[in-house]
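Here's the structure, in structure tokens; my notes come after.
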There are 2 protein chains.
Amino acid sequence: MKDGPDIARIASLIGDPARANILSALMGGVALTAAELAGEAGVTPQTASSHLAKLEEGGLVVPRRQGRHKYFALASDEVAGLLEGLAGLAAHRGHTRTRRGPRDAAMRHARVCYNHLAGDLAVQMFDSLVAEGALDLDHGITLTPKGEAVMAGLGVDLATLRAGRPALVRECLDWSERRSHLGGSLGRALFGRFLELGWVRREEGSRVVRFTGEGLRRFNAAFPRALEAA
Amino acid sequence: MKDGPDIARIASLIGDPARANILSALMGGVALTAAELAGEAGVTPQTASSHLAKLEEGGLVVPRRQGRHKYFALASDEVAGLLEGLAGLAAHRGHTRTRRGPRDAAMRHARVCYNHLAGDLAVQMFDSLVAEGALDLDHGITLTPKGEAVMAGLGVDLATLRAGRPALVRECLDWSERRSHLGGSLGRALFGRFLELGWVRREEGSRVVRFTGEGLRRFNAAFPRALEAA
DNA sequence: TTCATACTTCGATGAAGGTCGAACCATCAT
DNA sequence: ATGATGGTTCGACCTTCATCGAAGTATGAA
């Protein structure tokens with residue numbers, strides 16, 4: 001009865017409300033200090049410290065010391081993807097427990113998934129890249145030469161990206177759209193570029209991403225929404 | 001701090017060892033009775049009953065009465081996918097906690113993921129279908145006319161499949177290969193066909209799928225392993 | 001050094017929940 | 001009907017673990 005890997009261990013890690021809040025906060029993509037996370041989770045610093053130690057031990061978050069601060073971030077894209085999946089199931093059979101306010105609609109439209117863009121617009125971008133042949137899905141998922149040109153046009157420096165170890169491109173599943181969007185280091189770089197270009201602004205203390213009017217126009221021009229297959 | 005859906009709720013459902021064992025057993029794809037699941041989980045029928053009620057309430061499993069028996073199955077492909085994701089993370093940073101025996105190798109090669117084929121060979125099949133144009137990944141994932149011909153050739157009855165509501169094709173992520181393979185009702189139908197054709201046999205009380213010699217030969221002929229992109 | 005801040009460790013408290021024995025309901029067989 | 005089997009409900013026990021107060025360590029500032 002104890003076949004595969006120990007899924008109960010990590011599931012129980014996420015199963016505590018305080019830890020779930022911590023992880024949700026880290027889904028914002030920015031590294032946060034232990035004290036900040038304590039605030040997010042609504043517990044005292046001692047308790048948060050204990051939780052963070054467990055999350056670290058479990059491989060869900062990674063610490064980074066800086067001076068007398070200790071910053072935490074999600075350990076990997078896979079952790080982020082798993083949390084998205086959980087959110088999807090919870091939302092799906094939510095019994096309308098989570099009343100969907102305006103914040104919720106904004107989240108579905110565009111939000112940050114750990115370090116890249118997610119939501120309706122992210123799916124649009126992914127589909128557009130595939131449709132114009134920038135991404136190749138035949139064996140795994142790879143960036144085509146044409147895709148490299150597209151990225152260069154947007155000002156994404158691929159050379160330094162390739163130096164990093166994490167996979168350049170990776171697909172990530174949306175809980176709202178239930179469709180793939182672009183993750184990996186390329187996804188992160190693109191989102192960073194959107195910020196630099198002023199296309200988007202992050203909403204403080206939330207995962208919501210707001211497009212400026214001009215930014216949305218340029219985004220739609222760069223990644224036109226493809227026609228749905230009949 | 002309480003933005004999205006309540007992920008802690010379902011995570012804690014999976015977080016209990018007994019419930020995790022139950023869910024793992026159901027990953028085999030066959031519906032099991034409450035008593036059988038109690039055995040799998042290593043608890044008495046009373047406790048299993050309590051656990052199953054919680055899992056049902058949480059939307060992770062669905063019951064089906066038959067006479068005085070009550071059969072349980074996973075609620076959806078998404079639940080199966082989530083469990084696979086958890087297994088992936090647990091295996092990934094397993095600290096070699098799970099010593100990988102011969103059983104493990106077989107699981108990586110071919111296993112059943114709720115109701116369809118997963119593992120190395122499943123990824124091979126998925127890639128092959130994409131490469132020969134049977135599946136189209138441009139907008140979402142769809143079966144092309146060519147793909148319909150392929151399925152007909154294998155003896156899969158698409159007409160009755162389309163009548164059912166669940167999505168015909170769906171991609172599912174492997175924890176061992178970390179690649180997409182074919183899920184959805186088509187994935188289930190294909191796996192059922194493999195059983196009918198005698199290509200594969202299920203190993204009792206486990207998720208392992210064993211190919212017969214002849215079955216593997218035919219499988220490789222039908223879904224040739226594509227050349228990896230350079 | 002002396003103080004302040006960020007984080008951790010220790011210990012005690014308390015609540016949540018998994019577990020099983022026993023009794024209770026429902027279905028099928030005889 | 002009578003019994004047997006599968007499942008559930010109830011109640012009591014008991015382990016587990018989150019939580020916070022208080023004290024301890026480490027880093028930075030003055």
Side-chain angles (χ1 to χ4, degrees), chain A residues 1-2 6-26 30-75 90 97, chain B residues 1-2 6-26 30-75:
Chain A
M1 71 186 88
K2 204 58 172 306
D6 192 2
I7 70 174
R9 229 182 82 81
I10 35 183
S12 69
L13 278 180
I14 313 177
D16 176 77
R19 284 193 293 261
N21 282 337
I22 288 177
L23 291 171
S24 296
L26 291 178
V30 292
L32 297 173
T33 71
E36 289 169 327
L37 289 171
E40 284 293 332
V43 294
T44 60
Q46 310 98 305
T47 337
S49 178
S50 160
H51 285 312
L52 288 167
K54 283 171 181 153
L55 289 174
E56 184 183 342
E57 158 69 24
L60 297 182
V61 304
V62 285
R64 196 172 49 117
R65 304 207 81 105
Q66 205 161 33
R68 53 182 164 181
H69 293 276
K70 194 170 182 184
Y71 285 88
F72 289 88
L74 291 190
R97 189 183 314 276
Chain B
M1 71 185 90
K2 203 60 172 306
D6 191 2
I7 69 174
R9 227 181 84 80
I10 35 182
S12 69
L13 278 180
I14 315 176
D16 176 75
R19 285 194 291 262
N21 283 337
I22 288 177
L23 292 170
S24 296
L26 290 179
V30 291
L32 297 173
T33 72
E36 289 169 326
L37 289 171
E40 284 293 331
V43 294
T44 60
Q46 310 98 303
T47 29
S49 179
S50 160
H51 286 311
L52 288 167
K54 283 170 182 153
L55 289 174
E56 184 182 340
E57 158 69 24
L60 296 182
V61 304
V62 285
R64 195 171 51 117
R65 305 207 79 106
Q66 204 160 32
R68 54 181 164 183
H69 293 275
K70 194 170 180 183
Y71 285 88
F72 288 89
L74 291 189

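Every chain is numbered from 1, with letters handed out A, B, ... down the list of sequences.
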Self-check item: Residues which pass side chain to side chain contact (heavy atoms under 4.5 Å, CB included) with A:P63, listed by chain and number, not counting sequence neighbours
Solution: A:E56, A:K70, A:F72
Quiz prompt | side chain to side chain contact (heavy atoms under 4.5 Å, CB included) against B:T33, all qualifying residues, sequence neighbours excluded | solution = B:A35, B:E36, B:H69, B:Y71
Practice problem: Starting at CG of A:L60, measure out to CD1 of A:I14 and round the result to the nearest 0.5 Å. | Solution: 5.5 Å
Exercise. Starting at CG of B:L26, measure out to CG of B:N21 and round the result to the nearest 0.5 Å.
Key: 11.0 Å
Self-check item: Contacts of type side-chain hydrogen bond (donor to acceptor under 3.5 Å, both in side chains), residue A:T47, not counting sequence neighbours
Solution: A:T44
Quiz prompt | For A:A18, all residues meeting side chain to side chain contact (heavy atoms under 4.5 Å, CB included), sequence neighbours excluded | solution = A:D16, A:A41, A:V43, A:H51
Quiz prompt | Start and end of chain A contact along DNA chain C [non-hydrogen atoms, under 4.0 Å] | solution = C:dA4 to C:dT9
Practice problem: Could you check how far CG of B:L55 sits from P of D:dT8, rounded to whole Å? | Solution: 12 Å
Quiz prompt | Whether A:S49 side chain and A:P45 backbone form a donor-acceptor pair below 3.5 Å | solution = no
Quiz item: Quantified as the angle between the terminal helix axes (five pairs each), what is the overall bend of the helix from C:dT1-D:dA30 to C:dA23-D:dT8 to 10 degrees?
Solution: 30°
Quiz item: Tell me, do A:V61 and A:L23 make a side-chain contact under 4.5 Å, heavy atoms counted?
Solution: yes
Exercise. Return yes if some donor-acceptor pair links the side-chain N/O of B:R19 with the main-chain N/O of B:S12 below 3.5 Å, else return no.
Key: yes
Quiz item: Taking CD from B:E57 and P from D:dT8, how many angstroms apart are they, rounded to a whole number?
Solution: 15 Å
Practice problem: Rounded to the nearest angstrom, tell me the gap between atom NE2 in B:H69 and atom P in D:dA4. | Solution: 17 Å
Self-check item: Distance, nearest 0.5 Å, that separates CG of A:L37 from OG of A:S24
Solution: 11.0 Å
Quiz item: Along nucleotides 19-30 of chain D, 5' to 3', which nucleotides get a B, which get an S, and which get a -, given that the test is a protein heavy-atom distance under 4.0 Å?
Solution: BBBB----BS--
